[in-house]
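Here the structure is a predicted model, which is why all the values come from computation and not from measurement. Letters go in sequence order (proteins before strands), and every chain restarts at 1.
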Number of protein chains: 2
Amino acid sequence: MRTQRRLTSVSMASIILRSLCAMCFITVCRADENTDTVNTERNAEESHRQDSTDLLIFTLLLTLTILTIWLFKHRRFRFLHETGLAMIYGLLVGVILRFGVHLPQDLNVTSSCAMNSSPAVLLVNVSGRFYEYSLKGEVRDDKGEDVPNAEMLRKVTFDPEVFFNILLPPIIFHAGYSLKRRHFFRNLGSILSYAFVGTMISCFVTGLVMYGCVMFMKAIGQLGGDFFFTDCLFFGAIVSATDPVTVLAIFNDLKVDVDLYALMFGESVLNDAVAIVLSSSIGAYQPEGDNQHTFDGSALLKSLGVFLAIFSGSFAMGAATGVMTALVTKFTKLRDFPLLETALFFLMSWSTFLLAEACGFIGVVAVLFCGIAQAHYTYNNLSDESKTRTKQLFELLDFLAENFIFSYMGLTLFSFQHHVFNPTFIIGAFLAIFLGRAANIYPLSFLLNLGRKNKIASNFQSVMMFAGLRGAMAFALSIRDTATYARQMMFSTTLLIVFFTVWVCGGGTTPMLSLMKIRVGVDTDQENAATASDGMAQISTRPESAWPFRLWYTFDHNYLKPILTHSGPPLTTTLPACCGPIARCLTSSQAYENTGWLQDEDTELILNDGGGSMYGDMTVNTDARGVPTTSTSQAGLYSLAGTSDDPLDRELAFGGTRLVLPTDEPHDPLMSFPPPPPSPPLSDPLRHRV
Amino acid sequence: MRTQRRLTSVSMASIILRSLCAMCFITVCRADENTDTVNTERNAEESHRQDSTDLLIFTLLLTLTILTIWLFKHRRFRFLHETGLAMIYGLLVGVILRFGVHLPQDLNVTSSCAMNSSPAVLLVNVSGRFYEYSLKGEVRDDKGEDVPNAEMLRKVTFDPEVFFNILLPPIIFHAGYSLKRRHFFRNLGSILSYAFVGTMISCFVTGLVMYGCVMFMKAIGQLGGDFFFTDCLFFGAIVSATDPVTVLAIFNDLKVDVDLYALMFGESVLNDAVAIVLSSSIGAYQPEGDNQHTFDGSALLKSLGVFLAIFSGSFAMGAATGVMTALVTKFTKLRDFPLLETALFFLMSWSTFLLAEACGFIGVVAVLFCGIAQAHYTYNNLSDESKTRTKQLFELLDFLAENFIFSYMGLTLFSFQHHVFNPTFIIGAFLAIFLGRAANIYPLSFLLNLGRKNKIASNFQSVMMFAGLRGAMAFALSIRDTATYARQMMFSTTLLIVFFTVWVCGGGTTPMLSLMKIRVGVDTDQENAATASDGMAQISTRPESAWPFRLWYTFDHNYLKPILTHSGPPLTTTLPACCGPIARCLTSSQAYENTGWLQDEDTELILNDGGGSMYGDMTVNTDARGVPTTSTSQAGLYSLAGTSDDPLDRELAFGGTRLVLPTDEPHDPLMSFPPPPPSPPLSDPLRHRV
């Protein structure tokens with residue numbers, strides 16, 4: 001089959017182009033026109049026109065959403081986030097299309113061919129002329145009847161893979177690229193625990209509860225089709241992916257505790273990756289003899305193996321392209337040409353996705369780790385203009401893709417033709433996600449608190465529990481396959497869960513925070529100053545002191561950063577003497593200057609996190625910075641830098657900043673980007689920020 | 001037919017999504033898998049993987065191009081432009097694919113269906129299971145044989161419409177958006193003459209010469225198929241579209257005379273629009289009785305009517321969305337949120353394209369005028385950050401799309417399966433485009449010089465003649481339809497013309513400039529200073545003093561600008577007293593402050609162009625600025641502004657700046673954007689510009 005698609009380059013190129021857009025039909029017929037050809041041409045033109053109209057409607061919908069968002073921000077309405085708004089507009093359009101537009105049923109579908117196979121490309125002989133048709137997919141109806149019907153058609157015309165190939169990558173990449181927050185790394189262990197262990201727990205608990213629910217439905221005769229245990233687990237995986245969008249916008253706006261923010265953001269970014277890999281490895285769970293109904297140890301092991309292989313493969317791909325980009329930007333002087341640099345950055349990041357998909361891994365996951373690697377290494381090599389450009393570009397793509405998905409969600413609620421709303425299942429699902437989330441957060445927090453010096457307070461846990469919204473990823477995973485009864489029911493239920501959590505939990509976050517007495521209005525700068533004044537006592541209570549993380553930090557700081565970026569310490573001092581020539585070759589001239597500078601932002605994290613005694617970097621450095629007091633003074637230095645107007649520092653502190661309402665508080669440290677070019681009429685640049 | 005495609009919203013949404021990407025096949029089959037379903041699923045997966053690989057190859061090709069461009073810029077190689085480079089890489093890949101990769105011939109094509117019509121969607125019954133196929137187009141072979149063959153398939157898999165729907169719009173929009181150059185407007189009349197009259201002359205001359213050539217070929221028996229007069233005219237339209245890319249980069253780099261630059265840039269941008277509309281109106285030339293071989297007066301009139309209708313319709317659409325965007329950005333305070341503003345700008349600009357396509361006009365043309373309107377009005381309403389963002393976003397899109405097209409061109413030379421290279425035709429075509437270009441430039445320049453005070457010198461004319469490269473638009477128009485023998489020959493010939501002009505004429509521009517003794521290294525600022533010191537005498541020699549342009553400037557300055565932007569003079573002073581309430585409502589508070597300011601950039605054009613006595617704005621203004629001396633001093637003021645560091649002013653002067661080599665001259669006024677946020681290590685921001 002592989003060879004089948006390996007056509008010549010024309011065809012290859014055409015696939016590339018079709019991949020980008022299939023909006024257009026070829027009108028290869030001309031010259032000796034007869035009525036038939038003219039008709040074909042006219043059909044193609046007509047359908048192109050229709051496509052344009054449809055896309056136009058969607059574009060206008062997004063425009064309307066933007067204008068309303070502005071109005072809400074302008075009037076300081078906080079109860080509804082932009083994504084919730086996009087959903088409402090989508091809903092309205094869905095209702096209009098569903099009930100307002102009546103369609104003729106005579107769709108031009110013919111089914112007079114009977115064949116023994118379903119080739120990817122079909123040539124049809126129409127009175128001596130040949131037309132090419134390409135396979136879109138199988139058409140199936142649960143009722144098993146009236147298949148060659150228009151109804152069918154509407155279902156299959158649907159192409160949910162677009163979410164995975166077009167819309168999710170920029171969203172996930174942006175999440176990774178903006179993950180570079182000071183407090184993310186110092187909570188890394190907890191975040192990884194929540195994301196990996198927690199998501200798996202949540203998946204299994206939800207799956208088990210749903211299996212019970214399905215058994216109950218079967219008993220009372222409410223189940224209209226097959227629903228296997230693997231389906232339940234699949235559902236568990238789908239709804240375990242939490243979405244950071246709404247809650248984090250509010251967190252940012254209200255300036256909640258930075259550790260809580262880091263935990264929430266880190267978890268929701270990483271668990272998207274875990275959930276998508278989980279759902280594909282559950283798909284790989286096929287017990288011997290094609291019987292999915294029994295438990296099979298070897299199949300489970302196989303699933304686990306698939307999970308690990310896919311995850312590590314995707315991770316490796318993402319990290320590899322990130323490292324590649326870092327090396328290219330380090331060793332060329334591309335930074336003299338920001339346009340070229342930005343284009344290269346964009347293409348390399350996109351190629352991560354393609355590379356992973358081409359190798360059979362999961363592109364979206366690879367893109368996440370690529371984003372993190374780009375932020376951690378490449379970002380430091382970029383010119384100032386490219387830093388701004390890349391940030392702004394991906395911010396825009398993320399914004400558009402996200403609002404598109406959410407308004408599409410609203411639309412689907414009414415326009416999808418095969419909804420299966422089963423009250424028992426829905427109630428069961430809401431119960432299951434509640435229990436699943438609880439089984440994730442509370443036990444894990446208890447265990448983590450045993451090891452953490454800076455405990456995760458119980459009100460933090462409750463907020464994490466409450467604010468686990470489901471969003472784009474859950475939707476994309478559930479819409480991917482809506483062929484069977486089970487999947488349709490899952491899809492409809494997931495849609496309701498997303499709506500409920502975005503509107504109710506999203507809207508209820510502010511009251512929840514005050515109910516839980518979470519400290520809001522925390523100025524990071526002030527907190528840093530406090531940290532500095534508390535001195536070592538405070539610093540040593542920093543959570544992540546587990547040795548794997550220390551080891552990683554040391555390795556990263558002494559070897560990876562100097563190899564991949566211009567930051568110090570120079571490799572000539574950190575590598576053993578035998579590697580001298582290689583070290584000299586890899587170390588950029590700036591690294592020597594930077595040794596004492598510490599202009600590398602992540603060093604700050606390390607210093608703030610644990611002081612000189614905690615991470616090995618102090619002892620390896622060649623200059624005389626091993627004394628604890630020096631370390632303390634440095635922590636103070638950085639805290640001072642935090643209160644300064646240095647945009648880079650502010651950006652670091654608020655790298656994950658999303659669209660938030662401008663507030664009236666005198667201090668507004670929300671900065672996602674360096675300030676715009678100075679211009680006289682712009683009196684307060686912070687006010688003009690999103 | 002229209003109603004046929006008017007499906008429910010699911011289908012609509014699906015079309016939207018498919019429009020964005022058809023890379024992905026649905027795998028709707030699951031659960032009760034048998035071998036067949038598994039096969040289908042595997043096929044889909046395999047083809048998705050293959051698609052990803054193909055796209056990856058292309059992405060890497062572009063990455064390689066970028067790196068080589070950087071190397072060339074870094075080493076100051078000027079003989080080859082980036083687009084020429086992209087073509088070479090494309091060629092290499094094409095050669096490898098053509099001769100290096102051998103493909104199996106057993107493509108999975110079945111043609112066992114015989115039907116009476118060719119529906120857009122086909123359901124195929126494969127042993128009781130239904131598969132959906134969608135129409136891709138008709139398959140035809142010139143030899144009229146072995147139709148259901150793999151060979152065919154490769155041809156039709158091609159979807160050239162992607163150029164018109166995905167790649168050209170950002171290129172053309174960017175051209176329009178960066179057209180805002182000081183010297184463009186003062187040569188507007190000449191530019192319009194070259195673009196409209198000149199392109200039509202060129203089209204007809206080329207068509208006639210080609211008709212002669214084709215007749216000759218027929219006589220000596222070299223013609224292998226039909227080639228009508230309309231085909232010749234169509235070819236004339238295709239190759240009359242000149243491309244600004246390469247030449248203007250060199251012009252910018254060498255700082256040639258600004259008027260020459262404005263003439264070249266303006267002409268090549270506008271004649272793209274004229275050529276595309278011409279080619280579609282030639283398509284509409286169908287004499288009575290479907291006989292295209294004779295001359296028919298009414299058909300010609302119809303064609304003319306189509307030309308005017310399409311052009312004015314597309315123009316109106318573009319201008320309308322531009323004006324809409326200007327109004328929205330003026331009357332909302334969206335500028336407080338640059339992300340929202342940029343997203344709105346992007347969506348509105350894109351919707352121009354969709355709107356025009358949906359109404360049956362030409363999206364690419366609408367997008368051009370939308371770009372111009374956005375630059376002229378909306379740009380002034382944007383926040384400083386959005387100005388930079390939108391410029392940079394479209395610059396990036398333009399860069400990527402352009403290099404993609406040019407590398408694709410290189411690829412096509414070897415990979416396209418139906419090349420018809422006829423030496424007679426090719427020689428004829430080169431002769432024809434030479435004659436066509438000459439018939440455009442020289443007579444028109446002569447006529448224009450009769451009216452112009454600032455004559456277009458004969459060396460300018462020769463450079464315009466020589467530098468009429470053919471590029472993306474000619475390629476996209478010729479690849480759009482390659483079904484007949486005539487079209488295939490046109491396509492192959494156009495490809496050669498593009499290669500030749502980009503490499504030879506593009507590479508020879510620098511020698512040509514010195515041969516023609518064109519003033520290079522002209523510093524616009526210095527020229528302005530000279531203008532200012534020469535005073536009124538110099539000012540009054542400005543070319544465009546024809547009354548339609550003066551009328552337009554007055555109208556634009558007094559009514560349109562105040563309505564659509566925040567600039568003065570306030571409408572309350574320019575509108576008659578009876579319109580008082582409306583005027584007050586439409587005038588923004590800033591307009592009152594701006595009356596004396598003249599911060600509106602285009603006023604500068606007007607003042608520089610003709611002084612106060614030439615355009616009506618001085619007499620209509622209410623303040624005491626009617627005195628000529630004041631006007632002169634203002635011109636001086638602006639010239640001083642030109643030498644200042646005001647980025648906006650510099651940008652104005654070099655709005656059309658493309659990628660150019662950084663030069664070593666002490667003065668480098670090339671600035672496409674305001675400088676980046678100030679940062680200590682960036683000692684000379686101009687050096688870091690592209």
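B:Thr342 has its side chain out of reach of A:Phe399: every pair of non-hydrogen atoms, C-beta onward, lies at least 4.5 Å apart.
A:Phe164 does not touch chain B: none of its heavy atoms, backbone or side chain, sits under 4.5 Å away. Both the backbone and the side chain of A:Leu334 come within contact range of chain B, with heavy atoms under 4.5 Å apart.
Ranked by heavy-atom pairs under 4.5 Å with chain A, the list B:Leu71, B:Leu60, B:Leu355, B:Val328 is led by B:Leu355. Between chain B and the options A:Thr332, A:Leu393, A:Leu62, heavy-atom pairs under 4.5 Å are most frequent for A:Thr332.
Between A:Ala358 and B:Ser52, the shortest heavy-atom distance links the atoms N-CB, 3.8 Å. Between A:Ala343 and B:Leu400, the shortest heavy-atom distance links the atoms CB-CD2, 4.0 Å. Taking each heavy atom of B:Ile66 and A:Leu344 in turn, the nearest pair found is CD1-N, 3.7 Å.
Here A:Thr59 contributes atom OG1 and B:Leu354 contributes atom CG; the two are 5.0 Å apart, rounded to the nearest 0.5 Å. Summarising the geometry, atom CD belonging to B:Glu385 is positioned 9.0 Å from atom OG1 belonging to A:Thr388; distances are rounded to the nearest 0.5 Å. Put simply, CH2 on B:Trp350 and OG1 on A:Thr63 are 10.5 Å apart, with the number rounded to the nearest 0.5 Å. A distance of 8.0 Å separates CG of B:Leu56 from SG of A:Cys359, quoted to the nearest 0.5 Å.
At least one donor-acceptor pair under 3.5 Å links the side chain of A:Trp70 to the backbone N or O of B:Lys333.
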Practice task
Kindly determine whether A:Arg389 and B:Glu395 satisfy side chain to side chain contact (heavy atoms under 4.5 Å, CB included), including the steps that lead there.
Solution key: CA-CA 11 Å; A:Arg389 277 187 176 215; B:Glu395 193 191 16; 2.7 Å; yes

Exercise for the section: Decide side chain to side chain contact (heavy atoms under 4.5 Å, CB included) for A:Leu340 and B:Lys73; before the verdict, give the C-alpha distance in whole Å, the side-chain angles of both, and the deciding distance to 0.1 Å. Expected result: CA-CA 11 Å; A:Leu340 294 185; B:Lys73 284 184 185 301; 4.1 Å; yes

